[in-house]
Number of protein chains: 2
Amino acid sequence: MDENIRKRLHEMRKNGYKITPQRQEIVNAFLDSSRKLPLSAEEVYMKVKEKYQNISLDTVYRNLAVLQNLKIINRVNFHDVKSRYELNPGGDHQHHMICLTCGSAEPINFCPLKLLSENNFAAEKNFEIREHTFELFGYCSTCRERAIIDNA
Amino acid sequence: MDENIRKRLHEMRKNGYKITPQRQEIVNAFLDSSRKLPLSAEEVYMKVKEKYQNISLDTVYRNLAVLQNLKIINRVNFHDVKSRYELNPGGDHQHHMICLTCGSAEPINFCPLKLLSENNFAAEKNFEIREHTFELFGYCSTCRERAIIDNA
DNA sequence: TCCTAAATAATATATATTCTTATTTACTAG
DNA sequence: CTAGTAAATAAGAATATATATTATTTAGGA
């Protein structure tokens, strides 16, 4: 996946974008992160700051927007106020199961939109679907097991 | 639906909540609203202010949280930053088609969770689902027709 | 190497939401 | 009906997220 992402990053040039060190490091923040939880703008900022002490939060936001437009990352809206972002290896989109205890976000292999299009939902309603959100919130297997042990 | 909501409002007392004039007026703001678009905290605030000039925005937020806990209203997270709220006549939940042009939100008669439970999705993943989000964003029939006319 | 559009840092600003505290009020038990 | 109390309130400060402005710097093509 890393190669796929790096390749798409370099293709930015074709569209008039420049590949600045800051921009690269922002992408690296995602590539380096082994965490399941997508990163907030603040977290990306802290990570990049390790290498570029002077980077401004504004630069992070601006780049997250650019990378999002190019579908290199996706923005995920969780229940907490701030938005989070994750790499988008397939260039498509991804839904998640988000644990209310530990905050981990596991991708789920299901998209409700496929069912709606099979049923001609949008055509019937005469509604042109452009985007959609779908996320599950609950308790992951790890946290559930831990809860059982704690109560024993 | 109004009666249902009012009945549930009065049942709050059983749980130690008080029915203050402000609280009632906040619920009225929703009952009076014929708009399809769920109300933002700010909009509720402006509405209630007509009757209680001194109400604070904090009171609105506090009550929206309480009413949400009691499932009298639902919070809907749209793409724009601020959250919105709507009455929940069924005491259940509701998904929407949100128009990116006019902002209207039409309820949709479909919940992806039903399909997941039919397929034992949660059991397989050992994930305990507690909440979920699902919203469609796009262009409603009215705005689409208008666009065609404008381009003619 | 030079030129220019793009990107950046720094700073200010906007907006949404929550917290703190002192005061008031709705309800309940007597 | 009254008094006591937990709950709710207003006011204002505080926090957090995100965006706008501007002057300066820089990536990368010519």
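All chains are named by letter (A, B, ...) in the order of the sequence lines, taking the proteins before the strands, and each is independently numbered beginning at 1. Side chains included, hydrogens not; waters and symmetry mates left out as well; all remaining heavy atoms used.
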Distance-only donor-acceptor pairs under 3.5 Å for side chains of residues 115-123 of chain A, two or more places apart:
residue: A:Ser117; atom: OG; partner: A:Leu113; partner atom: O; Å: 3.1
residue: A:Ser117; atom: OG; partner: A:Lys114; partner atom: O; Å: 2.9
residue: A:Asn119; atom: ND2; partner: A:Leu115; partner atom: O; Å: 3.1

Q. Is the shortest side-chain N to carboxylate O distance from A:Arg130 to A:Glu128 below 4.0 Å?
A. yes

Q: Remember a base hit wins even if backbone is also touched, and classify A:Leu57 as base, sugar-phosphate or nothing at under 4.0 Å, heavy atoms.
A: nothing

(Q) Looking at A:Glu106 and B:Lys125, is there a salt bridge between them, counting it only when a charged N and a carboxylate O are closer than 4.0 Å? (A) no

Q: Compute the bend angle of the helix from C:dT1-D:dA30 to C:dG30-D:dC1 from the end axes (five pairs per end), rounded to 10°.
A: 40°

Q.
Under the rule for ring-ring contact (aromatic ring centres under 6.0 Å, His included), what residues qualify as partners of B:Phe110, not counting sequence neighbours?
A. B:Phe134

Q: Rounded to the nearest angstrom, tell me the gap between atom CE in A:Met12 and atom P in D:dG29.
A: 14 Å

Q. Within the structure shown, what part of the strands sits under 4.0 Å from B:Asp58 by heavy-atom distance: base, sugar-phosphate, or nothing?
A. base

N/O to N/O distances under 3.5 Å, protein versus nucleotides 24-28 of chain C:
residue: C:dT25; atom: O2; partner: B:Lys18; partner atom: NZ; Å: 3.4
residue: C:dA26; atom: N3; partner: B:Lys18; partner atom: NZ; Å: 3.0
residue: C:dC27; atom: OP1; partner: B:Arg13; partner atom: NH1; Å: 2.9
residue: C:dC27; atom: OP1; partner: B:Ile19; partner atom: N; Å: 2.8
residue: C:dC27; atom: OP2; partner: B:Arg13; partner atom: NH1; Å: 3.3

**Q.** Minimum-distance nucleotide to B:Tyr61 side chain [options: C:dT17, D:dA8, C:dT8]
**A.** C:dT17

(Q) Is there a side chain to side chain donor-acceptor pair (under 3.5 Å) between A:His95 and B:His132? Walk through the geometry before answering. (A) CA-CA 11 Å; A:His95 303 297; B:His132 66 287; over 6 Å; no

Q: With sequence neighbours excluded, tell me which residues meet salt bridge (Lys or Arg N to Asp or Glu O under 4.0 Å) with A:Arg62.
A: A:Asp58

Q: Not counting sequence neighbours, which residues clear salt bridge (Lys or Arg N to Asp or Glu O under 4.0 Å) with B:Lys51? List them please.
A: B:Glu25

Q) Between D:dG12 and B:Ser56, is there an OP1 or OP2 to side-chain N/O distance shorter than 4.0 Å? A) no

Q: Tell me what A:Arg23 touches on the nucleic acid: a base, only sugar-phosphate, or nothing, going by heavy atoms under 4.0 Å.
A: sugar-phosphate

Q | Any A:Asn63 side-chain nitrogen or oxygen under 4.0 Å from OP1 or OP2 of C:dT8 | A | yes

Q: Answer yes or no: does a side-chain N or O of B:Arg62 lie under 4.0 Å from OP1 or OP2 of D:dT9?
A: yes

